[in-house]
There are 2 protein chains.
Amino acid sequence: MWFPPACEEGSKGLVQSGVLIDKTTIMTKAPDHQNPAKSPKPASITAVARHAGVSIATVSRIMNGIVNKSSPATQLRVKAAVEELGYRPVTHGQSLRRGESRVVSIHAVNLANPTMAAIAASAETALREAGYTMVLCDTHDQPDLQDTTLLDMRAHLVRGYVLLGTIDSAQLAQFQNHREALLYVNRRPHGATSTPDDFVGIDNKAAGAAVATYFKQRGLHHCGLIHGALHSPATSDRVDGYTGTLSETGQGLNPRHIFAGQGLNHLQIGYDGITDLLQKGALPDALFCSSDLIAYGAHRKLSELGIQVPRDIVLMGFDDNPLNDWIAPWLNSVSVPYPKFGQAIVTGLEAIWNRGDRGAQILPFTIVERA
Amino acid sequence: MWFPPACEEGSKGLVQSGVLIDKTTIMTKAPDHQNPAKSPKPASITAVARHAGVSIATVSRIMNGIVNKSSPATQLRVKAAVEELGYRPVTHGQSLRRGESRVVSIHAVNLANPTMAAIAASAETALREAGYTMVLCDTHDQPDLQDTTLLDMRAHLVRGYVLLGTIDSAQLAQFQNHREALLYVNRRPHGATSTPDDFVGIDNKAAGAAVATYFKQRGLHHCGLIHGALHSPATSDRVDGYTGTLSETGQGLNPRHIFAGQGLNHLQIGYDGITDLLQKGALPDALFCSSDLIAYGAHRKLSELGIQVPRDIVLMGFDDNPLNDWIAPWLNSVSVPYPKFGQAIVTGLEAIWNRGDRGAQILPFTIVERA
DNA sequence: TCAGGAAAGGTAATCGTTTTCCTATTTTCG
DNA sequence: CGAAAATAGGAAAACGATTACCTTTCCTGA
């Protein structure tokens with residue numbers, strides 16, 4: 001199980017070069033190497049109370065807007081003291097007493113992915129405006145790292161956990177059972193245990209279907225597909241919607257026009273995908289890539305081969321990176337309103353906390369045509 | 001000054017529709033709308049102590065690796081209890097008692113900028129591995145937001161403040177005076193008050209100079225420049241190094257080949273820059289853009305005009321976005337080792353905390369030639 | 001034999017808040 | 001006028017951890 005670094009198996013605690021060191025020794029040495037001009041401690045509620053000549057209870061009540069427990073005159077005096085001393089309640093004292101903090105943690109599968117980073121950025125702003133603080137964790141798509149971060153954040157008494165992409169993990173299941181405030185963004189969890197109420201994202205299946213319809217409308221009949229790991233329900237939904245709609249229209253999807261990639265490096269997946277499709281035969285007229293990064297990788301390989309986009313092949317990405325307008329004017333893409341995710345996350349979390357009802361936020365997507 | 005939302009001017013505290021509501025009323029109502037299967041509280045140190053039949057002091061000592069205050073048998077018993085109950089110390093209790101937490105805050109000027117996001121991502125990993133938790137704040141390049149976030153984070157008892165780009169602000173000056181643990185990344189602060197020891201980044205002036213040298217070596221004599229807001233010392237250093245070296249070689253920089261942009265939207269700056277340079281006369285042979293995004297914007301405009309890169313004009317960006325290899329193979333760029341910034345930030349912070357000495361980390365840059 | 005130290009571990013203060021009880025002092029109103 | 005109710009505010013108990021200080025027991029060596 002888990003133990004703090006200080007008492008790990010390997011370390012012998014405070015044993016140094018064979019000699020047991022009493023903690024006291026260390027503490028009495030500590031003040032020595034402290035820098036001289038140490039920052040003066042910020043004012044605490046006690047200081048404010050003393051300064052205003054009231055009890056800390058009164059200060060606390062006034063800070064919390066409880067208006068019917070003190071006279072207006074007292075309130076003025078206290079507020080003056082607060083300003084004079086620059087007092088701000090230390091959140092740890094509050095959280096400890098209240099048993100919960102105003103911190104929300106975000107657990108992202110891969111912050112190197114610009115899309116994840118964009119969602120995190122949007123969440124930061126929305127959370128801050130709603131009065132929350134954001135802690136950001138990168139799970140690197142590893143179940144045990146996800147577990148570690150979840151437990152760490154619980155130790156921080158965070159009020160909600162936002163999962164920006166998820167993998168199944170032991171602790172996640174525990175958290176679900178314990179009814180912790182979990183909000184899934186973009187990727188639903190695998191287990192069917194959780195309600196569909198705790199999701200923020202788009203309807204990926206509909207988006208995949210829309211891509212197929214778009215290709216058909218443009219008269220493109222030989223459709224291909226390069227996608228990332230299917231263990232992500234977001235990806236598999238997109239793929240299902242796309243292939244489903246293609247087979248409904250009768251034409252279906254030639255297996256030789258499909259490449260299934262793996263791993264986090266979508267750029268490489270796209271690059272390898274083109275290589276693979278060519279090996280298996282001719283390229284399709286239209287190619288759906290389950291992310292923009294995959295499309296970039298594919299485009300790179302196509303350029304190297306002298307194949308022109310969109311003259312020779314039409315590409316459709318997913319996510320619509322804001323840079324596309326500037327550096328990928330050849331790329332169509334399914335645009336997901338990521339800048340709006342932040343607000344949706346806040347709304348979703350508040351719905352979960354209040355258990356009013358539906359916290360689910362299904363946002364609209366659009367297809368951006370550039371080619 | 002600052003007051004918590006609950007006691008803002010506008011709000012009348014707990015007055016609702018003209019009726020004063022006693023806090024008690026609310027609290028007694030609260031349990032009603034709590035969801036039935038509320039998560040059971042995680043085990044506290046008291047629970048562990050009871051379970052193991054020892055005092056909480058002993059549990060605490062064992063958790064902290066103080067090995068000479070309890071028998072091996074007791075230690076085993078306690079560790080067993082810890083595992084059985086899944087105990088993890090609540091950080092707020094620890095921070096409150098110790099007067100400091102293991103949280104580090106990052107204040108970024110603009111998280112929408114992929115470079116900032118990349119640094120934040122790298123910092124997250126390095127901090128986590130070193131046992132710290134990262135809180136991320138976006139200051140949107142506004143002094144008052146920077147002030148707000150700094151004060152917020154102090155209320156969180158954070159142990160260090162990492163400024164990912166800075167603007168001058170009142171609180172920042174205060175924090176400097178109070179010798180708080182501030183670490184500047186990429187952009188030094190304006191005020192000369194701070195030591196140069198608290199900086200992580202590259203030598204921007206040398207980098208600007210290197211670009212000039214590179215252009216000269218390639219025999220490009222008509223050099224241009226498009227840069228962002230000069231109030232960022234990082235930008236002005238780059239510009240100084242570039243122009244300085246150009247004038248040393250005697251050729252100098254034609255003022256008609258310079259465009260000075262403003263604001264956060266670097267893409268637009270690049271686009272507008274080309275328009276401006278053309279209005280002022282002919283384009284240079286080589287163009288230094290003070291960020292990759294500016295280069296993207298410039299390239300877009302050039303493409304629209306049918307001007308080819310690098311045949312007609314050589315571009316040099318800055319930062320070397322990892323996507324460049326894939327989507328901007330026409331762009332040379334000054335590569336900054338952002339993935340290494342995370343570790344450098346941790347090293348720098350630890351140097352500040354221990355005041356051993358220099359926390360400054362000047363990392364190497366390289367010029368990546370693609371065109 | 002016994003002074004003194006080490007070993008093992010408990011008690012209680014403390015960090016900064018919130019909130020439940022209290023206790024006075026006014027007000028209100030019949 | 002007097003009882004009930006409201007107002008204003010204080011005292012103290014939590015919340016979960018750390019640590020200075022104390023107590024007990026056992027062992028060592030002069």
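If you take CD1 of A/Ile45 and P of D/dA12, they are 17 Å apart, rounded to a whole angstrom. Residue A/Tyr87 contributes atom OH, which lies 7 Å from atom C1' of C/dG16 at whole-angstrom precision. When the C1' atom of C/dT17 is taken as reference, atom CZ of A/Arg88 falls 16 Å away, rounded to whole Å. One can place CG of B/Asn64 at 6 Å from P of D/dT19, the figure rounded to the nearest angstrom. Atom pair A/Met63:CE and C/dT19:P shows a separation of 14 Å (rounding to whole Å applied). Between the CG atom of A/Leu96 and the P atom of D/dT18 there is a distance of 12 Å, given to the nearest Å. One can place NZ of A/Lys41 at 13 Å from P of C/dT14, the figure rounded to the nearest angstrom. Across the protein-nucleic acid pair, A/Ile66 atom CD1 and D/dT7 atom P stand 15 Å apart, rounded to whole Å.
In this model, a side-chain donor or acceptor of B/Arg97 finds a partner on the base of C/dT14 within 3.5 Å.
Contact annotation: the side chain of B/Thr133 never approaches that of B/Val104 to less than 4.5 Å [non-hydrogen atoms, C-beta and beyond].
Checked by atom type, the side-chain pair B/Asp147/B/Ser169 shows a donor-acceptor distance below 3.5 Å. Neither side chain, B/His107 nor B/Thr139, offers a donor N or O lying under 3.5 Å from an acceptor on the other.
Ring geometry for A/Trp353 against A/Tyr132 counts as tilted: the plane angle lies between 30° and 60°, on a 0 to 90° scale.
Remark: B/Asn68 is not in phosphate contact with C/dA6, judged by side-chain N or O atoms under 4.0 Å from OP1 or OP2. Contact between the side-chain N/O atoms of A/Ser71 and the OP1/OP2 oxygens of D/dG9 is found at a separation under 4.0 Å.
When A/Glu350, A/Glu100, A/Glu180 are each tested for a salt bridge (Lys or Arg N to Asp or Glu O under 4.0 Å) with A/Arg159, only one passes: A/Glu100. The side-chain contact (heavy atoms from CB on, under 4.5 Å) test with A/Ser105 is passed by exactly one of A/Arg154, A/His156, A/Met153: A/Met153. Tested against B/Ser60, the residues B/Val48, B/Ile45, B/Val78, B/Ile66 include a single side-chain contact (heavy atoms from CB on, under 4.5 Å) partner, B/Ile45.
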Output one line per pair: protein atom, nucleotide atom from nucleotides 10-12 of chain C, and distance, for all N/O pairs under 3.5 Å.
from   : atom 1 : to      : atom 2 : distance (Å)
C/dG10 : OP2    : B/Ser55 : N      : 2.7
C/dG10 : OP2    : B/Ser55 : OG     : 2.7
C/dG10 : OP2    : B/Thr58 : OG1    : 2.9
C/dG10 : N7     : B/Arg61 : NH2    : 3.0
C/dG10 : O6     : B/Arg61 : NH1    : 3.0

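Annotation: of the two residues near DNA chain C, B/Arg77 and B/Arg98, the 5′-most nearest-nucleotide partner is B/Arg77.
Nucleic acid contact class of B/Ser60 (heavy atoms, under 4.0 Å, all strands): base.
Listed nucleotides C/dT17, D/dG16, C/dA8 differ in distance to A/Gln94; the shortest reach to its side chain belongs to C/dT17. The side chain of A/Thr74 approaches D/dG9 more closely than any other nucleotide in the set C/dG9, D/dG9, D/dA17.
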